[in-house]
There are 2 protein chains.
Amino acid sequence: MTVPTGQCCAPIAREPLAEQTAAELAVMLKAVADPVRLRLLSMIGSHAGGEACVCDLTGTFDLTAPTISHHLKVLRTAGLIDGERRGTWVYYRIIPEAVNKLGALFAPLAGSVPEPASQAAVGRTELELLPA
Amino acid sequence: MTVPTGQCCAPIAREPLAEQTAAELAVMLKAVADPVRLRLLSMIGSHAGGEACVCDLTGTFDLTAPTISHHLKVLRTAGLIDGERRGTWVYYRIIPEAVNKLGALFAPLAGSVPEPASQAAVGRTELELLPA
DNA sequence: CTTCTACTTAGATGGCCTTCTATTCAGGAG
DNA sequence: CTCCTGAATAGAAGGCCATCTAAGTAGAAG
C-alpha cells in the first residue's frame, strides 16, 4: 500500500474530478491563466484597502484601457473579483472564496515530504469544491 | 491601516506579481485551465500507485488517442507531470512540487475571516514561488 | 523478420481569445 | 446645459488552441 487511500493529498489527487466539476473549475482557471489577468488579480488583491481603482491598473501595462477593461470583465465573469462604481471611478476587489477554491484544489499535496500534519481542521474551506 | 502589510494573504494578494513571474505561472495555469487536462491530472494523481497508464486514461473521454496524447504533452511540457515508458505501456505521474506551487499561489488567503494564524511556519513551501 | 498493439508526431481545420480602434455610457465641473 | 474624464461596449483583425485523420515509432509476440 503505497498510498493510504485516506485523505492524503490535494483534492485533485484524491479522486478523479467529475466532468462537470472539472468544467466549472476550468472556467475559473482559464480566467487566471493569463499573465495580464494574473497580474491584475495580484495588483487588486495586494492594493491598500483591498481594492483598486481601474485607473491604478491601466498605467502598469502596455495595453489600451478597453483591453484592461476586457480582462477585468473576464475575471469578474469568472467570479474572482467584484467591481463597484463610486463617483467617477470604478473599484475592484478580490472575492476571497473564489481564490480559496483554487487554492484548495492544489494546496495540501503532501508530496514527497509528509509533514507532521499539525493543522488538520483549522476552519479552512479545503473541501468546499463541489458546492459551487 | 486596514491591512497589516505583513504576510497575511495568499502570495497573489500579498504583493503585485512581477511580469516574468506572472508569465511563468500563466504557462502552468494555462496547462491546467482545460477540463480535459484537469481531469487527466486528477486521474493520474488519484490513481493507485501514484501513476497511470495512458491506456487507463483514454477510455474515459470521447476523444481520440492523439488528442489525449497532445494534452498529456501539454501537461508534461508545463512541468506538471512526468512520463516513463515501461515495456509496452507509458506511465505518467504527477510532479508534486509543481502542483504545490499552484496551491501556494492561491492557498492561504485569510479573506474576510482572519483566523488565529496558528500554523505560521510548519515547513510549507508557500513562499517558493520565484525559485522556479 | 513480420505483425500486432500502444503511443506519439505531423499536418490541417474550425473556433476561441487577445488586442485594437471607434463609439457609447456615467459622473463631475464649469 | 455643455464639456471633460473615467470606464465599458461594439466590432474587427490576427493568432493561438483543441481536435481530427493519417502516418510514424517502440516494444512484444509469433
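The chains referred to below are lettered A, B, ... by the order of the sequence lines, with proteins before strands, and numbering in each begins at 1.
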First of Ala65(A) and Cys55(B) reached from the 5' end of DNA chain C, by closest nucleotide: Cys55(B)

Integer-rounded Å distance: dT8(C) P and Leu72(B) CG: 6 Å

Flag side-chain contact, heavy atom, 4.5 Å: His71(B) against Asp34(B): yes

Ile12(B) side chain reached by Leu38(A) side chain, heavy atoms, under 4.5 Å: yes

Atom pair distance, as rounded to whole Å: NZ in Lys30(A) and C1' in dC16(D): 13 Å

Sugar-phosphate, base or nothing in reach of Asp56(B), heavy atoms under 4.0 Å: nothing

Thr64(A) vs dT19(C): side-chain N/O to OP1/OP2 distance below 4.0 Å: no

Nearest atoms (heavy-atom pairs only) where Ala78(B) meets Val27(B): CB-O, 4.3 Å

N/O donor-acceptor pair under 3.5 Å between Ser42(B) side chain and Glu15(A) backbone: yes

Separation of atom CZ in Phe61(B) from atom P in dA18(D), rounded to whole Å: 14 Å

Residues touching DNA chain D, which here means a heavy atom under 4.0 Å, drawn from residues 31-44 of chain B: Asp34(B), Arg37(B)

Minimal non-hydrogen separation, Leu105(B) against Ala10(B), with atom names: O-CB, 3.4 Å

Ion pair check, Lys101(B) and Glu24(B), cut-off under 4.0 Å: no

Nucleotide of dT9(D), dA7(D), dA10(C) approaching Pro66(A) most closely (side-chain heavy atoms): dT9(D)

Distance, rounded to the nearest Å, where Asp62(B) contributes CG and dC20(D) contributes C1': 14 Å

Any His70(A) side-chain nitrogen or oxygen under 4.0 Å from OP1 or OP2 of dT18(C): yes

Gap between atoms CD1 and C1', on Ile68(A) and dA8(D) respectively (whole Å): 13 Å

pair Met28(A)-Leu102(A): side-chain heavy atoms closer than 4.5 Å: yes

Phosphate OP1/OP2 of dT9(D) contacted by Lys73(A) side-chain N/O (<4.0 Å): yes

Arg86(B) to Tyr91(B) six-membered ring, cation-pi geometry met (6.0 Å, 45°): yes

For Arg76(B), all residues meeting salt bridge (Lys or Arg N to Asp or Glu O under 4.0 Å), sequence neighbours excluded: none

Rounded distance (Å) that lies between atom C1' of dA18(D) and atom CG of Leu75(B): 13 Å

Thr67(B) side chain near dC20(D) phosphate (N/O to OP1/OP2, under 4.0 Å): yes

Value in whole Å for how far the C1' atom of dT8(C) lies from NE2 of His71(B): 15 Å

Interface residues of residues 84-92 of chain B with DNA chain D (non-hydrogen, below 4.0 angstrom): Arg85(B), Gly87(B), Thr88(B)

